[in-house]
Amino acid sequence: MSSEKRGTIGSFALLGMTVAAVFGIKNIINNNAAIGLAAAPSFFFATLLYFVPYTLVTAEFVGLNKDSESGVYAWVKTSMGGRWAFLTAFSYWFVNLFFFASVLPNVIIYASYVFFGANAELSQLWITIIEIASLLSPRGFRPRALSGSAPFPPSVRPRLSA
C-alpha cells in the first residue's frame, strides 16, 4: 500500500454499494412491470437469503485484506488459495460478458419508454447508426479528425469543437 493516507469506505457507503449491486434498478423495474407489487415479498426473501450473507462475506474479505489494494482475486487468494482465486476471477469475467452484452438493449428499451411511452421498435436506419457508433467508440471519436479531412476549403470547412 502506498505511504499516503487513503480514505476508507464507511459502513453506510458499503451498504449502499451492496444494495445497488444486488437489487439494481433494472431488476426492480422488470419485476414490478411483470408482476406488480407481488414482487415485494421476493425482494424481502432475496434480502434475507442473499443480500445479508453477501454483505457479511464482503465485509469479511475486506477485513482480511485491509492493507491490500487488490480486488477479488487477492481477497479469495488470501483466504482460500490460488485455485479458488482463479475460479472466482474467471467466473466474474465470464458473467460480465453477458452483463455488458445486455446493457445496450436495455438502455434502448428504457429510453423508448421514457421518450415514447412504449417499447418502440427501431428501424433499420437506427440499428445501423448504433452499430457504426459502437464500431467507432473503441477507437475514440475525434470530430476534428473528421472535419480536418473533409473535402472543403478552409473557409467553408465546418468547425466542430472537441
Side-chain angles (χ1 to χ4, degrees), residues 1-2 5-141 143:
M1 190 165 154
S2 62
K5 175 76 172 146
R6 292 183 52 179
T8 58
I9 296 176
S11 299
F12 187 73
L14 179 63
L15 177 70
M17 288 189 301
T18 307
V19 168
V22 172
F23 289 118
I25 298 297
K26 176 182 146 191
N27 296 332
I28 293 172
I29 290 171
N30 290 341
N31 287 339
N32 283 335
I35 58 176
L37 288 178
S42 68
F43 284 117
F44 176 73
F45 288 120
T47 299
L48 292 178
L49 299 176
Y50 181 77
F51 173 66
V52 172
Y54 177 82
T55 305
L56 294 174
V57 168
T58 303
E60 184 68 25
F61 279 141
V62 171
L64 286 173
N65 298 287
K66 60 185 170 194
D67 294 327
S68 175
E69 291 190 10
S70 299
V72 175
Y73 178 84
W75 290 1
V76 176
K77 186 176 181 184
T78 301
S79 59
M80 300 175 73
R83 181 176 292 169
W84 285 104
F86 170 77
L87 184 62
T88 301
F90 177 78
S91 298
Y92 182 74
W93 172 80
F94 188 74
V95 166
N96 278 330
L97 286 175
F98 300 103
F99 169 74
F100 286 118
S102 71
V103 169
L104 180 62
N106 284 326
V107 167
I108 292 171
I109 291 169
Y110 296 152
S112 72
Y113 276 105
V114 168
F115 294 116
F116 305 118
N119 186 8
E121 292 191 22
L122 294 177
S123 67
Q124 188 62 42
L125 173 67
W126 280 107
I127 293 172
T128 305
I129 289 171
I130 291 170
E131 285 296 322
I132 291 171
S134 66
L135 290 174
L136 289 175
S137 63
R139 296 183 200 117
F141 181 69

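The analysis underlying the following values was restricted to heavy atoms, covering all of them including side chains, and did not include hydrogens, waters or symmetry mates.
For CG of Leu97, the number of neighbouring non-hydrogen atoms (other residues, nucleotides, ligands) closer than 6.0 Å is greater than 12.
The shortest heavy-atom contact between Phe61 and Val76 is CZ-CG2, 4.1 Å.
Ring planes of Phe90 and Trp93: tilted class, angle from 30 to 60°.
Within the structure, side-chain hydrogen bond (donor to acceptor under 3.5 Å, both in side chains) pairs that include any residue of residues 72-81 comprise Asn65-Thr78 (at least two apart or interchain).
The CD atom of Gln124 lies 10.5 Å from the CD1 atom of Ile129; values are rounded to the nearest 0.5 Å. Between the OG atom in Ser42 and the CG atom in Leu49 there is a gap of 11.5 Å [rounded to 0.5 Å].
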